[in-house]
Asks: 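Below: one structure in structure tokens.
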Amino acid sequence: MNTVLEEIESGLTLVLAKMEKRGICLNTRELKKIKDKIYLEILNLEEEIFELTKSEFNINSPKQLSEVLFEKLKLPTKGLAKTTTKNISTNSNELEKLIYLHPCISKILKFKELKKLETSFLKTLPNFIDENGRIHTTFVQTGTATGRLSSDTPNLQNIPSKSDYGKLVRGCFEAGKGFDFVSFDYSQMELRIAAKLSGDKLMLKAFEEGKDFHRYTASLVNKVDYTDVTKEQRNRAKALNFGIVYGMGSKAFAQSAGISKEEARMFIEEYYENYFGLRNFLDDLKLKAKENGYCETLYGRKRYLSFVGGFGFQAALEERIAVNMPIQGLAADIIKKAMIKIDNYLIENELEDKVRMILQIHDELIFEIDCDINSDEIIENIKKLMEENDFDILLKVDIKKGKN
DNA sequence: GGTGGAAGCGCC
DNA sequence: AAAGGGCGCTTCCACC
């Protein structure tokens, strides 16, 4: 029997169909206000950039931007990344490095940020609303290599949330009249999975004791008291924790933590001296993938690899995949199973009209819940269904409630 | 006018 | 040459 197909995917299809059909409410008036405000700001920025660079050009064209910055203004290109076509990259990460060299850079970064919000979200989302003011995504069940869902037309899994304007955009999604939004968010799901799969003593201890895992990691690699960890130290540890399950090397870590390659190497070494169970587990994953020609999750979801071998880019990429897919994929398996369980629970208790699953965003489920019912116990039950799993992974779900 | 690759960037 | 996993969407640009 194929567990993934029969116990997960087959049962999920109808759940997804219901979510798509319900849709989610978008406040287009509010969205329009943000759009108008951003539009003016973009115009101003554009004008300032033209003035500062003494050129009128399409800032959105990497080719033209590159010409202005590196040929006309002759800004240094040393240390900047190249694109696949060997051109100098003009992405935000690289532009950050030039920020003190010319006053136009910070304006260009802001311009890019706002333009992205305008074109990808503010201008397009209103085109998707139906006669009831709701938007219906399509969840793609067979679209990813790891077992995650994807979402398209429109993608509701990449709605902005980080920047100040991003938060405003996300705030335009509202619960239907008479309903609240309740979100259930797995906390550090992949790290908890990695802890359990590897059996790493210290990782497991951290989670069992309810520690802030990034702070805990920082205290280990910096050899300081848990309570004495600085913000800086915690941020680096956080970048490291995430990077490790992506198969990150010292160069990438150096970049994301803003430190030298040598420092990065020492941090990673110290990291693995503490979490040696994790290192052994990740090494095993690579070996197994090479033996089998595929990697897989505990449920047997497989991803086949070509394994050209050697030490080239492709070989290194496949090692990173071999490390990441079993973790990311199991997270996907677990939330999918939870969605099915929750759907059954709501049907059995005749709650389908009062409690509606609306969105899945990889490690998070969003529901609309009728304001008039006492939902405390229901919320607690949903949380339990999400946290319980077949492998004794210590999962933790955080709950948030709101009108948008 | 349409198409597809590349670049870039929003999210987890 | 790239050098941390997974997506989808928009724009630019070369090309048909």
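On a predicted model such as this, the values are computed, not experimentally measured, just so you know. Below, chain A is the first sequence line, B the second, and so on; all start at residue 1.
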Asks: Check whether the side chain of N155(A) and the base of dG8(C) form a donor-acceptor pair under 3.5 Å.
Replies: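 No, no donor-acceptor pair under 3.5 Å.
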
Asks: Counting any heavy atom closer than 4.0 Å, what does K86(A) reach on the DNA or RNA strands: base, sugar-phosphate only, or nothing?
Replies: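 Since no nucleic acid heavy atom lies under 4.0 Å of K86(A), the category is nothing.
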
Asks: Can you check whether Y246(A) stacks with the dG5(C) base, using ring centres under 5.5 Å and planes within 30°?
Replies: yes

Asks: Look at the aromatic rings of F207(A) and F213(A) and report parallel, tilted or perpendicular, splitting at 30° and 60°.
Replies: parallel

Asks: Could you check how far CG of L65(A) sits from P of dT11(C), rounded to whole Å?
Replies: 17 Å

Asks: If only side-chain N and O atoms of S150(A) are considered, is one of them under 4.0 Å from the OP1 or OP2 phosphate oxygen of dG8(C)?
Replies: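 Affirmative; the distance criterion is met.
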
Asks: Any idea which of dA6(B), dC9(B), dC11(B) is nearest the R170(A) side chain?
Replies: dC11(B)

Asks: Does K72(A) have any side chain to side chain contact (heavy atoms under 4.5 Å, CB included) partners at least two apart in sequence or in another chain, and if so, which?
Replies: K54(A), S55(A)

Asks: Nearest whole Å is fine: how far is dG10(B) C1' from N93(A) CG?
Replies: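 Taking CG of N93(A) and C1' of dG10(B), I get 15 Å after rounding.
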
Asks: Could you work out which one of dG10(B), dC12(C), dC9(C) sits closest to the side chain of T153(A)?
Replies: dC9(C)

Asks: Indicate, with a heavy-atom threshold strictly under 4.0 Å, whether K115(A) touches base, sugar-phosphate, or nothing.
Replies: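 Since no nucleic acid heavy atom lies under 4.0 Å of K115(A), the category is nothing.
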
Asks: Think T124(A) has a side-chain N or O under 4.0 angstrom from the OP1 or OP2 of dC9(C)?
Replies: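 False: T124(A) side-chain N/O out of range (4.0 Å or more) of dC9(C) OP1/OP2.
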
Asks: Heavy atoms under 4.0 Å, any strand shown: does A145(A) hit a base, just sugar-phosphate, or nothing?
Replies: sugar-phosphate

Asks: From the list dA2(C), dT10(C), dG8(C), which nucleotide is the closest neighbour of the side chain of F313(A)?
Replies: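 Closest of the options to the side chain of F313(A): dA2(C).
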
Asks: Are Y275(A) and S198(A) close enough, and set up right, to give a side chain to side chain donor-acceptor pair (under 3.5 Å), and what steps lead you there?
Replies: CA-CA 10 Å; Y275(A) 299 142; S198(A) 67; over 6 Å; no

Asks: Is R320(A) positioned over the aromatic face of F313(A), cation under 6.0 angstrom from the ring centre and no more than 45 degrees off axis?
Replies: yes

Asks: Answer yes or no: does a side-chain N or O of T90(A) lie under 4.0 Å from OP1 or OP2 of dG8(B)?
Replies: yes

Asks: Considering only dG8(B), dC12(B), dA6(B), which nucleotide approaches the side chain of T85(A) most closely?
Replies: dA6(B)

Asks: Taking the P atom in each of dA2(C) and dG10(B), what is the distance between them to the nearest angstrom?
Replies: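 One P to the other, the span is 23 Å.
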
Asks: From CG of L117(A) over to P of dT10(C), roughly how many Å is that when rounded to an integer?
Replies: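 Spelled out: CG on L117(A) to P on dT10(C) is 13 Å.
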
Asks: With sugar-phosphate meaning primed atoms plus P, OP1 and OP2, does N58(A) contact a base, only sugar-phosphate, or nothing at under 4.0 Å between heavy atoms?
Replies: sugar-phosphate

Asks: So, does N87(A) use its side chain to make a donor-acceptor pair with the main chain of T83(A) at under 3.5 Å?
Replies: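 No; zero donor-acceptor contacts below 3.5 Å.
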
Asks: Starting from the C-alpha separation in whole Å, work towards a yes-or-no answer on side chain to side chain donor-acceptor pair (under 3.5 Å) for E94(A) and S89(A).
Replies: CA-CA 7 Å; E94(A) 305 311 307; S89(A) 171; 5.2 Å; no

Asks: Return the value, rounded to whole Å, for the distance between atom CZ of F311(A) and atom C1' of dA3(C).
Replies: 15 Å

Asks: Looking only at atom P, what distance separates dT3(B) and dG4(C), rounded to whole Å?
Replies: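 Going atom to atom, P in each nucleotide, I get 36 Å.
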
Asks: Closest-nucleotide mapping onto DNA chain C: is A81(A) or P154(A) further toward the 5' terminus? I mean the 5' end.
Replies: A81(A)

Asks: Atom pairs, N/O to N/O, protein against nucleotides 14-16 of chain C, distance under 3.5 Å?
Replies:
unit_1  : atom_1 : unit_2 : atom_2 : d
dA14(C) : OP1    : K63(A) : NZ     : 3.4

Asks: Does dC9(B) have OP1 or OP2 under 4.0 Å away from a side-chain N or O of K112(A)?
Replies: yes

Asks: Hey, could you give me the SG/CG distance between C172(A) and L125(A), rounded to the nearest 0.5 Å?
Replies: 9.0 Å

Asks: Whether S161(A) contacts dC11(B) is assessed here as follows: a side-chain N or O lying under 4.0 Å from the phosphate OP1 or OP2. Is that the case?
Replies: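 So the side-chain polar atoms of S161(A) do come within 4.0 Å of the phosphate oxygens OP1 or OP2 of dC11(B), strictly under.
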
Asks: Answer with base, sugar-phosphate or nothing: what part of the nucleic acid does A322(A) contact at a heavy-atom distance below 4.0 Å?
Replies: nothing

Asks: Looking for any heavy atom pair under 4.0 Å, which part of the strands does I244(A) touch: base, sugar-phosphate only, or nothing?
Replies: nothing

Asks: Starting at CD of E113(A) and ending at P of dC11(B), how long is that distance when rounded to a whole Å?
Replies: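 Computing the E113(A):CD to dC11(B):P distance gives 9 Å.
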
Asks: Has R148(A) got a side-chain N or O lying under 4.0 Å from the OP1 or OP2 atom of dG5(C)?
Replies: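 Checking R148(A) against dG5(C): no side-chain N or O falls below 4.0 Å of OP1 or OP2.
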
Asks: Just compare dG4(C), dC12(C), dC9(B) and give me whichever is closest to any side-chain atom of R320(A).
Replies: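 Nearest nucleotide to the side chain: dG4(C).
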
Asks: Picking from dT11(C), dG6(C), dC9(B), which would you name as closest to the side chain of R303(A)?
Replies: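 Selected nucleotide: dG6(C).
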
Asks: By nearest atom, which of the nucleotides dG8(B), dA3(C), dC9(B) is closest to the P62(A) side chain?
Replies: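 Shortest atom-to-atom distance from the side chain points to dG8(B).
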
Asks: Checking all strands, does E364(A) fall into the base, sugar-phosphate, or nothing category for heavy-atom contacts under 4.0 angstrom?
Replies: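 The residue E364(A) makes no contact with any strand.
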
Asks: Just how far is it from atom CE of M339(A) to atom CD1 of I382(A), taken to the nearest 0.5 Å?
Replies: 12.0 Å

Asks: Once you round it to whole Å, what is the distance between C1' of dG10(B) and NE2 of H362(A)?
Replies: 11 Å

Asks: Would one find a side-chain N or O of Q64(A) under 4.0 angstrom from OP1 or OP2 of dC13(C)?
Replies: yes

Asks: Does the Lys NZ or Arg CZ of R356(A) fall within the cation-pi geometry relative to F179(A) - under 6.0 Å from the ring centre and within 45° of the axis?
Replies: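 Cation-pi check for R356(A) and F179(A): passes.
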
Asks: What is the distance from CD of Q314(A) to C1' of dG5(C), rounded to the nearest Å?
Replies: 14 Å

Asks: Are E380(A) and K384(A) within salt-bridge range, i.e. N to O under 4.0 Å?
Replies: no

Asks: Starting at atom CD of E118(A), determine the distance to atom P of dC9(C), rounded to an integer number of angstrom.
Replies: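 Nearest whole value for this atom pair: 19 Å.
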
Asks: When the nearest nucleotide of DNA chain C is assigned to D152(A) and to K82(A) on a heavy-atom basis, which residue is associated with the more 5' position?
Replies: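 The 5'-side residue here is K82(A).
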
Asks: Would you classify N324(A) as touching base, sugar-phosphate or nothing, given that sugar-phosphate means primed atoms plus P, OP1 and OP2, and contacts are heavy atoms under 4.0 Å?
Replies: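 Answer is sugar-phosphate: N324(A) comes under 4.0 Å of backbone atoms only.
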
Asks: Using a 4.0 Å heavy-atom cut-off, does G243(A) contact any base of the nucleic acid, only the sugar-phosphate backbone, or nothing at all?
Replies: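 If one applies the 4.0 Å heavy-atom cut-off, G243(A) turns out to touch a base.
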
Asks: Validate the cation-pi geometry between K211(A) and Y226(A): distance from NZ or CZ to the six-membered ring centre under 6.0 Å, angle to the ring axis within 45°.
Replies: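 So K211(A) does make the cation-pi contact.
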
Asks: Using the side-chain heavy atoms of S61(A), tell me which of these nucleotides is nearest: dG8(B), dG6(C), dC13(C).
Replies: dC13(C)

Asks: Between dT11(C), dC11(B), dG4(C), which nucleotide gets closest to the side-chain atoms of K123(A)?
Replies: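 It is dT11(C).
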
Asks: Which part of the nucleic acid, if any, lies within reach of F253(A) when heavy atoms closer than 4.0 Å are counted: base, sugar-phosphate only, or nothing?
Replies: nothing

